[in-house]
Amino acid sequence: MPILVFDIETIPDVAGIRALNDLPADLSDYEVAEFAFQQRRAANGSDFLQHHLQRIVTISCALRDANQFRVFSLSEPDCTEGEIVQRFFDGIERYTPQIVSWNGGGFDLPVLHYRGMQHGVTAPRYWDQGEGDYHDSRDFKWNNYIGRYHSRHLDLMDLLALYQPRANAPLDELAKLMGFPGKLGMDGSAVWSAWQEGRAAEIRDYCETDVVNTYLVYLGFQRMRGQLDAAAHAAELAVVRETLARIDAPHWKQFLAAWPERAPEDGRGFGRRYACPSSEQSSSGSSSG
């Protein structure tokens, strides 16, 4: 089964906020967004807008199949939001991959649902829960993209926290603790200001590094659960390095520079071994104390 890791970047849906609040046409996009932020701060103390008021400007993906590993994005201004969402679900229709996310169940997928409905997107394979017309639809009754505890969509953050929100870990921090680069140069809170400044390419690049961080953490999870042994895990990391090294793009050069290669048994992160005393040593040590 192909593995498709995905992440989205969003900005306030200015047009939707205008329509819902009947705001004057002479208000700038910045002022409309500030109006919505102030409403949210008054309601719950946070600027974070509701899912249905998030407009998708980028979906980045890391695809690993039997032949290759590759990273790509569907982004404005190259595509409209409707085209971005439709093409994402078209990929699921074509490949039926396992999709992997970090908080995809809590954010990315609900946003994709709302925005897809507004744009008339179709996604029958994604929504199949056993009643579809596909040859394997019966299997989807027990393992589909919608079920929280199913594996066709693996929300890695949710699973690692055992579905306890208070145990959630930030991707950036976990990736760095595992020896990976983490976020470089931008985070989600900076996307709106970057968009207003015309830095769409930087948003895309940031989103791509996020999906690669997620994939690297996913590989660690696969090793932990016994799906990869040490050699296979090292080989998969090498595939990622080699793929990124072939791409002549500044964000991948920065990413690789922040991800130094380590000896198999040294350093923080994967491959680190701890020298534990033998039972004889422990016994003799305790008796001499």
Side-chain angles (χ1 to χ4, degrees), residues 6-60 73-77 80-82 84-85 88 101-119 155-158 160-161 163-176 181-211 213-214 217 251:
F6 72 99
D7 184 39
I8 71 173
E9 296 303 330
T10 64
I11 61 173
D13 176 16
V14 172
I17 295 166
R18 285 184 191 276
L20 290 175
N21 295 279
D22 196 23
L23 297 177
D26 58 352
L27 285 183
S28 68
D29 286 359
Y30 172 83
E31 291 170 319
V32 171
E34 281 301 308
F35 170 84
F37 293 148
Q38 289 175 17
Q39 281 189 322
R40 290 298 286 167
R41 283 194 293 268
N44 64 10
S46 169
D47 283 353
F48 190 79
L49 298 181
Q50 301 99 311
H51 293 62
H52 66 285
L53 295 179
Q54 304 275 353
R55 175 182 149 207
I56 298 169
V57 294
T58 293
I59 304 177
S60 291
S73 294
L74 308 168
S75 301
E76 291 193 25
T80 65
E81 184 186 33
I84 290 171
V85 179
F88 173 78
S101 69
W102 193 268
N103 194 33
F107 180 71
D108 305 66
L109 288 176
V111 173
L112 282 160
H113 299 166
Y114 292 130
R115 305 307 289 181
M117 289 182 67
Q118 291 182 53
H119 290 291
D155 183 336
L156 197 51
M157 184 191 80
D158 201 27
L160 291 176
Y163 314 105
Q164 301 296 321
R166 63 184 179 181
N168 289 345
L171 173 63
D172 177 50
E173 294 184 10
L174 184 59
K176 288 176 178 175
K183 294 184 184 295
L184 300 172
M186 187 184 292
D187 61 30
S189 65
V191 169
W192 174 228
S193 59
W195 179 263
Q196 294 175 90
E197 295 165 5
R199 294 155 51 202
E202 290 182 40
I203 296 171
R204 178 204 62 214
D205 293 349
Y206 155 67
C207 195
E208 289 184 351
T209 59
D210 250 13
V211 295
N213 275 306
T214 304
V217 173
H251 63 300

Are [X] and [Y] side-chain neighbours, meaning at least one heavy-atom pair lies under 4.5 Å?
{"X": "L112", "Y": "I59", "value": "yes"}
{"X": "H251", "Y": "E202", "value": "no"}
{"X": "L160", "Y": "W102", "value": "yes"}
{"X": "M186", "Y": "R199", "value": "yes"}
{"X": "E76", "Y": "I84", "value": "yes"}
{"X": "M157", "Y": "F107", "value": "no"}
{"X": "S101", "Y": "T214", "value": "no"}
{"X": "D13", "Y": "R115", "value": "yes"}

Return the minimal non-hydrogen interatomic distance between [X] and [Y], and the atom names on each side.
{"X": "G104", "Y": "D155", "value": "N-OD2, 3.3 Å"}
{"X": "R18", "Y": "S28", "value": "NH2-C, 3.6 Å"}
{"X": "E81", "Y": "Q54", "value": "OE2-O, 4.3 Å"}
{"X": "S60", "Y": "R204", "value": "OG-O, 3.8 Å"}

Next item on the list: May I ask you to decide if V211's main-chain N or O and D7's side chain share a donor-acceptor pair within less than 3.5 Å?
Entry: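 No, the answer is negative, given that no donor and acceptor are paired below the 3.5 Å cut-off.
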Note to self: Would the distance check show the side chain of S46 and the main-chain N or O of F48 forming a donor-acceptor pair, the cut-off being under 3.5 Å?
What the structure shows: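 Yes; at least one donor-acceptor contact below 3.5 Å.
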Interatomic distance, [X] atom [atom1] to [Y] atom [atom2] [nearest 0.5 angstrom]:
{"X": "N213", "Y": "E208", "atom1": "CG", "atom2": "CD", "value": "12.5 Å"}
{"X": "T80", "Y": "I56", "atom1": "OG1", "atom2": "CD1", "value": "11.0 Å"}
{"X": "H51", "Y": "L109", "atom1": "NE2", "atom2": "CG", "value": "10.0 Å"}
{"X": "D210", "Y": "K183", "atom1": "CG", "atom2": "NZ", "value": "3.5 Å"}
{"X": "D158", "Y": "N168", "atom1": "CG", "atom2": "CG", "value": "6.5 Å"}
{"X": "F35", "Y": "N21", "atom1": "CZ", "atom2": "CG", "value": "4.0 Å"}

Margin query: Let's go through Y206 and T58 carefully: what are the C-alpha distance in whole Å and the side-chain angles of both, what is the deciding distance for side-chain contact (heavy atoms from CB on, under 4.5 Å) to 0.1 Å, and is it a yes or a no?
Written below: CA-CA 10 Å; Y206 155 67; T58 293; over 6 Å; no
Item checked: Trace of the side-chain contact (heavy atoms from CB on, under 4.5 Å) decision for Q50 with R40 -> CA-CA 9 Å; Q50 301 99 311; R40 290 298 286 167; 3.4 Å; yes
Notebook entry, point to check: Under 30°, 30 to 60°, or over 60°: which ring-plane class applies to H52 and Y114, parallel, tilted or perpendicular?
Noted result: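 Perpendicular: the ring planes of H52 and Y114 meet at over 60°.
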Note to self: Counting only heavy atoms not in Y163 (residues, nucleotides, ligands), do more than 12 fall under 6.0 Å from its OH?
What the structure shows: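 Correct, the count exceeds 12.
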Note to self: Before you tell me yes or no, could you show the steps for I17 and L49 under side-chain contact (heavy atoms from CB on, under 4.5 Å), namely the whole-Å CA-CA distance, both residues' side-chain angles and the distance that decides it to 0.1 Å?
What the structure shows: CA-CA 10 Å; I17 295 166; L49 298 181; 4.2 Å; yes
